[in-house]
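All residue numbers refer to positions in the sequence shown, counting from 1. None of these values were measured; they are calculated from a predicted model.
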Amino acid sequence: MNQQAFEKMGSFRQKVIRCVYEEKKSVYETAIACGCTAEKVKRVMKKWKALSRNEMETLPLKDDQ
């Protein structure tokens with residue numbers, strides 16, 4: 001998990017991300033656990049994927065020197 005991207009998210013989004021990616025819950029189980037709709041969970045997951053992808057692109061590459 002990309003820690004920098006994770007820390008940029010709010011507490012609700014962190015809870016959703018933890019449920020989906022660490023606890024391997026489905027979208028519907030996460031929605032019930034977080035007290036929201038499945039559509040909101042999907043939006044949070046979409047934002048997380050975009051943010052973590054963006055963070056990975058901005059990281060400097062390591063040289064094998």
Side-chain angles (χ1 to χ4, degrees):
M1 180 182 296
N2 190 344
Q3 193 63 29
Q4 289 178 335
F6 186 72
E7 289 172 359
K8 288 183 179 180
M9 304 294 247
S11 62
F12 172 76
R13 289 183 174 154
Q14 288 180 0
K15 182 177 179 183
V16 170
I17 292 165
R18 233 180 267 118
C19 284
V20 172
Y21 293 105
E22 290 180 5
E23 298 177 14
K24 307 287 188 206
K25 290 187 178 183
S26 71
V27 172
Y28 302 106
E29 289 174 328
T30 303
I32 291 169
C34 295
C36 64
T37 63
E39 292 300 318
K40 190 166 185 175
V41 171
K42 290 177 186 178
R43 285 194 306 266
V44 169
M45 289 171 47
K46 185 176 179 181
K47 182 172 178 74
W48 167 251
K49 287 178 185 176
L51 187 60
S52 61
R53 187 179 323 118
N54 187 26
E55 289 290 326
M56 292 302 286
E57 289 175 359
T58 59
L59 290 176
L61 296 175
K62 294 182 180 177
D63 294 333
D64 293 331
Q65 294 179 354

Who are the side-chain contact (heavy atoms from CB on, under 4.5 Å) partners of Lys15, not counting sequence neighbours? Cys34

From [X] [atom1] over to [Y] [atom2], what is the distance, rounded to the nearest 0.5 angstrom?
X	Y	atom1	atom2	result
Glu22	Lys24	CD	NZ	9.0 Å
Phe6	Trp48	CZ	CH2	6.5 Å
Lys42	Cys36	NZ	SG	12.0 Å
Met9	Lys47	CE	NZ	6.0 Å
Lys25	Ile32	NZ	CD1	9.5 Å
Cys19	Met45	SG	CE	11.5 Å

Taking a hydrophobic cluster as the set of Ile, Leu, Val, Met, Phe, Trp and Tyr residues connected by side-chain heavy atoms closer than 4.5 Å, whether directly or through intermediates, do Ile17 and Tyr28 fall within one such cluster? no

If you define the side chain from C-beta out and look only at heavy atoms, does anything of [X] sit under 4.5 Å from [Y]?
X	Y	answer
Lys46	Lys49	no
Val27	Val20	no
Phe12	Lys40	yes

Could I get the full list of salt bridge (charged side-chain N to carboxylate O under 4.0 Å, His left out) partners for Glu7, not counting sequence neighbours? none

Could you work out, with salt bridge (charged side-chain N to carboxylate O under 4.0 Å, His left out) as the rule, every residue matching Lys8, not counting sequence neighbours? Glu55

